[in-house]
Amino acid sequence: MQERDLSLSIAHLYPKLLNLYGDMGNIITLKNRCEWRGISVSVSQINIGDDVSGYDLYFIGGGQDKQQEEVASELYSNKDKLTIERDKGAVFLGICGGYQLFGHYYQPHDKEKLLGISLMDAYTVAGKKRFIGNVTVETDFLNPKTLVGFENHSGLTYLQGETKPIGIVKVGAGNNGVDKTAGGRYKNVFGTYLHGSLLPKNPHFADYLIELALEKKYGEHFTLSKLDDKLENETHNSLILKSY
Ligand code: GLN
């Protein structure tokens, strides 16, 4: 099949509530990098009460504890539906607060625990220190190996079981500032603390996610055609090992 014969559906989960530090840029990047290749894309904004079933790729951004509280109960009410989508191979990308809700729970400071949807075996507790600054992550599955971004979180995330990190932090705190892990992955569910937004300056990761979503939808692997990523790569390279 030619790229122009392909299509993808993207669900942007609760953008009116979780969309911190330009996380919307991730949706724009995914959409553009498909359309620049002739792949048609539908992006649906999923708000409170909307149906979440049947998408190829799901994105959820970050937010302060207050917005997380508002989203958590709605997300939890869709836990079974989203677990079915995960097990069908749908791709998920969660940033910071959204990432935290992919785990079993997020325990804020002196507030009630927010139940997550357990798409990955992880949990988060609010720490005393806020981690703010540039981050460089080294992965073992991307080319180039690096991911760059910006973090701003007090949450400390711990991975368990079959959930593996996306990579190891070379600069910055990552999941918890101790074990050097960055982000989490289980099946095609990815979570990370990298805001910025993440995908515009990590085009190779955007393409990796698009290829996974196409494989889920069509049952075969597609290697996307190359784009002129000169500007994106210059930006990416300028941020490698840049510390705050
Ligand atoms: N409220 C969460 C924390 O501080 C998530 C913040 C965010 O999404 N940037 O850890």
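By convention here, the first residue in the shown sequence is residue 1. Whatever order the structure lists ligands and atoms in, that order sets their numbers, starting from 1.
The distance from ligand 1 to the heavy atoms of Gly62 drops below 4.0 Å at these ligand atoms: 8 (O). Distances below 4.0 Å separate heavy atoms of Gly155 from the following atoms of ligand 1: 3 (C), 10 (O). The Asp65 neighbourhood of ligand 1 comprises atoms 1 (N), 2 (C), with distances under 4.0 Å to a heavy atom of that residue. Heavy-atom contacts of Arg130 reach the following atoms of ligand 1: 4 (O) (cutoff under 4.0 Å). Proximity to Asn152 (heavy-atom distance under 4.0 Å) selects the following atoms of ligand 1: 6 (C), 7 (C), 9 (N). Using a 4.0 Å cut-off to heavy atoms of Gly97, the atoms of ligand 1 that qualify are 5 (C), 7 (C), 8 (O).
Around the NZ atom of Lys216, the shell of radius 6.0 Å holds more than 12 heavy atoms that belong to other residues, nucleotides or ligands. Atom CD of Glu112 is surrounded by 12 or fewer heavy atoms from other residues, nucleotides or ligands within 6.0 Å.
With ring centers used as reference points, Tyr193 lies 6.0 Å or more from Phe131. The distance between the ring centers of Tyr99 and Phe102 does not fall below 6.0 angstrom. The ring of Phe59 has its center closer than 6.0 angstrom to the ring center of His12. Close placement of the Phe205 and Phe190 rings is indicated, their centers lying within 6.0 Å of each other. Between His204 and His236, the distance separating the two ring centers is shorter than 6.0 angstrom.
Residue His195 places at least one N or O, backbone or side chain, under 3.5 Å from an N or O of ligand 1. For Gln68, a nitrogen or oxygen atom sits less than 3.5 Å from a nitrogen or oxygen atom of ligand 1, counting backbone and side chain alike. Taking distance alone, with nitrogen or oxygen atoms compared against 3.5 Å, Gln100 approaches ligand 1 more closely than that limit. Taking distance alone, with nitrogen or oxygen atoms compared against 3.5 Å, Ile95 stays at or beyond that limit from ligand 1. Where the criterion is an N or O separation shorter than 3.5 Å, residue side chain and backbone included, Cys96 fails it with respect to ligand 1.
Minimum interatomic distance between Leu142 and Thr139 (heavy atoms only, all atoms of both residues): N-OG1, 3.2 Å.
With respect to atom 3 (C) of ligand 1, the closest heavy atom belonging to the protein is Ser154 N, 3.6 Å. For atom 6 (C) of ligand 1, the nearest non-hydrogen atom of the protein is Gly63 O, 3.2 Å.
Taking a cutoff of 4.0 Å between a charged side-chain nitrogen and a carboxylate oxygen, Asp229 and Arg33 qualify as a salt bridge.
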